[in-house]
Amino acid sequence: MIRKTFFIIYAFMLCIPTLKAQLKRTAVCPVFTVDVLNAVLNDGLNPQSTIGEINKSFPCSSEIQEQASANKCAGIFFSDKGIYFFTDRDYIEIKENFTGRLSLPLMGAKRNSLFKLLGNPKIKDISWDAYQTAYGTLVLYYNKLGKINKLQLSSKNTEALKLCD
């Protein structure tokens with residue numbers, strides 16, 4: 001009987017260090033819902049939102065660049081979700097791996113099917129079009145098949161637009 005009690009106490013003593021372990025919460029990211037015509041996301045975020053405002057609504061970023069450097073613009077990035085907020089340049093970039101929802105089905109749309117949705121572009125290039133909007137500028141990029149593979153929503157007009165590489 002003393003032997004069993006000793007064994008139970010010994011086993012309990014071995015388990016005590018593991019009982020102090022803390023559970024850590026993984027930041028859950030809500031679904032990004034983008035209103036393309038108004039440049040508004042979920043909780044009213046827009047291209048002029050700060051890193052702090054974005055991080056409060058979406059605490060699951062893959063990278064935060066507080067200050068711009070010679071080779072990187074400042075912003076908060078969600079590369080696994082396909083959305084990037086360039087806070088120092090006041091624009092949002094959405095790439096083809098975007099996992100959220102767009103108010104207009106632009107991603108993958110053909111270039112010549114956009115007139116009904118957006119009208120004529122203000123500036124046209126071989127691989128992109130820039131549309132003047134109520135909030136600033138919507139830039140659409142096209143792949144070799146002429147389908148949209150990237151969007152940029154900027155609070156700036158086409159003359160003041162400054163994008164990152």
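This one's a predicted model, so the numbers in the text were calculated from it and none came from an experiment. Just so it is clear, the values below take in all heavy atoms, side chains as well, and ignore hydrogens, waters and symmetry mates.
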Euclidean distance, [Y] [atom2] relative to [X] [atom1], rounded to 0.5 Å:
X: Thr87; Y: Gln48; atom1: OG1; atom2: CD; result: 11.5 Å
X: Ile92; Y: Tyr84; atom1: CD1; atom2: OH; result: 14.0 Å
X: Leu41; Y: Arg101; atom1: CG; atom2: CZ; result: 12.0 Å
X: Ile54; Y: Phe85; atom1: CD1; atom2: CZ; result: 5.0 Å
X: Asn46; Y: Tyr91; atom1: CG; atom2: OH; result: 15.5 Å
X: Lys150; Y: Lys95; atom1: NZ; atom2: NZ; result: 6.0 Å

Measuring only between side-chain heavy atoms, which start at C-beta, is [X] closer than 4.5 Å to [Y]?
X: Leu45; Y: Phe58; answer: yes
X: Val36; Y: Leu117; answer: no
X: Val34; Y: Leu153; answer: yes
X: Leu106; Y: Leu114; answer: yes

Between Phe86 and Phe77, ring centroids under 6.0 Å: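 Here the rings of Phe77 and Phe86 have centres that are less than 6.0 Å from each other.
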Glu159 CD: over 12 foreign heavy atoms closer than 6.0 Å: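 Counting neighbours around CD of Glu159, more than 12 heavy atoms of other residues, nucleotides or ligands fall under 6.0 Å, so yes.
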Check against side-chain contact (heavy atoms from CB on, under 4.5 Å), Ser61 and Asn55: CA-CA 7 Å; Ser61 64; Asn55 200 32; 4.3 Å; yes
Pairs where residues 76-92 contributes a residue and the test salt bridge (charged side-chain N to carboxylate O under 4.0 Å, His left out) is met, not counting sequence neighbours: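 Found Asp90-Lys156.
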Candidate pair Leu37 and Thr133, rule side-chain contact (heavy atoms from CB on, under 4.5 Å), full reasoning: CA-CA 7 Å; Leu37 294 178; Thr133 64; over 6 Å; no
Ser62 side-chain N/O to Ser79 backbone N/O, donor-acceptor pair under 3.5 Å: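 At least one qualifying donor-acceptor pair exists.
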Exam field: side chain Asn42 to backbone Thr33, donor-acceptor pair closer than 3.5 Å: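 A pair under 3.5 Å: yes.
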Trace of the side-chain contact (heavy atoms from CB on, under 4.5 Å) decision for Tyr142 with Ser127: CA-CA 5 Å; Tyr142 305 97; Ser127 61; 5.6 Å; no
Closest contact, heavy atoms only, Asn157 versus Gln132: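 Closest heavy-atom pair between Asn157 and Gln132: CB-NE2, 3.7 Å.
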Thr137 vs Ile123, side-chain contact (heavy atoms from CB on, under 4.5 Å): CA-CA, chis, key distance, verdict: CA-CA 10 Å; Thr137 306; Ile123 302 173; over 6 Å; no
